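Contents: one structure, followed by commentary.
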Amino acid sequence: MLALGAEELLGGDGLGRIRRCAGPGCGWFFVDRSRSGSRRWCSSRDCGNRDRARRHYARTRQRG
């Protein structure tokens, strides 16, 4: 089963959709199945939320 999934991923256009998570220190890889192909994180709930919180904190620290 795993071998068939790997063959399908690597044999088709899936190889071009493999991305590395943009989260600092994460290192996970994922298949970007988004319509635009612009997914950045392995998980929006984990790495994505951390990134959004970090940017929010930086913005609020700059203001005051």
Side-chain angles (χ1 to χ4, degrees):
M1 184 89 152
L2 180 61
L4 292 175
E7 179 185 7
E8 181 181 324
L9 176 65
L10 298 174
D13 64 338
L15 186 59
R17 292 273 190 169
I18 296 176
R19 309 269 191 267
R20 186 170 187 170
C21 181
C26 179
W28 280 80
F29 287 87
F30 61 91
V31 178
D32 182 1
R33 292 195 170 118
S34 66
R35 195 174 265 182
S36 64
S38 61
R39 185 172 155 191
R40 296 179 52 201
W41 306 291
C42 60
S43 168
S44 184
R45 289 182 179 166
D46 295 326
C47 292
N49 190 47
R50 279 187 223 116
D51 184 66
R52 288 186 292 273
R54 189 175 14 262
R55 286 185 287 141
H56 172 74
Y57 180 74
R59 281 192 312 271
T60 57
R61 295 282 295 170
Q62 288 176 349
R63 291 183 200 157

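Worth saying up front: this structure is predicted, and the values here are computed from it rather than measured.
Ser36 pairs by the side-chain contact (heavy atoms from CB on, under 4.5 Å) definition with Ser34, Ser38, not counting sequence neighbours. With sequence neighbours left out, the salt bridge (Lys or Arg N to Asp or Glu O under 4.0 Å) criterion links Arg35 to no other residue.
Here the closest non-hydrogen pair linking Cys42 and Trp28 is CB-CB, 4.0 Å. When every heavy atom of Cys21 is checked against every heavy atom of Trp41, the shortest pair comes out as SG-CA, 3.7 Å.
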Name each donor-acceptor pair under 3.5 Å that joins a side chain in residues 45-55 to protein atoms two or more places apart or in another chain, with its distance.
residue: Asp51; atom: OD2; partner: Arg55; partner atom: NE; Å: 3.0
residue: Asp51; atom: OD2; partner: Arg55; partner atom: NH2; Å: 3.3
residue: Arg52; atom: NH2; partner: Ser44; partner atom: O; Å: 2.9
residue: Arg52; atom: NH2; partner: Ser44; partner atom: OG; Å: 3.3

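Listed by first then second residue, pairs satisfying salt bridge (Lys or Arg N to Asp or Glu O under 4.0 Å) with a partner in residues 16-25 read Arg19-Asp32, not counting sequence neighbours.
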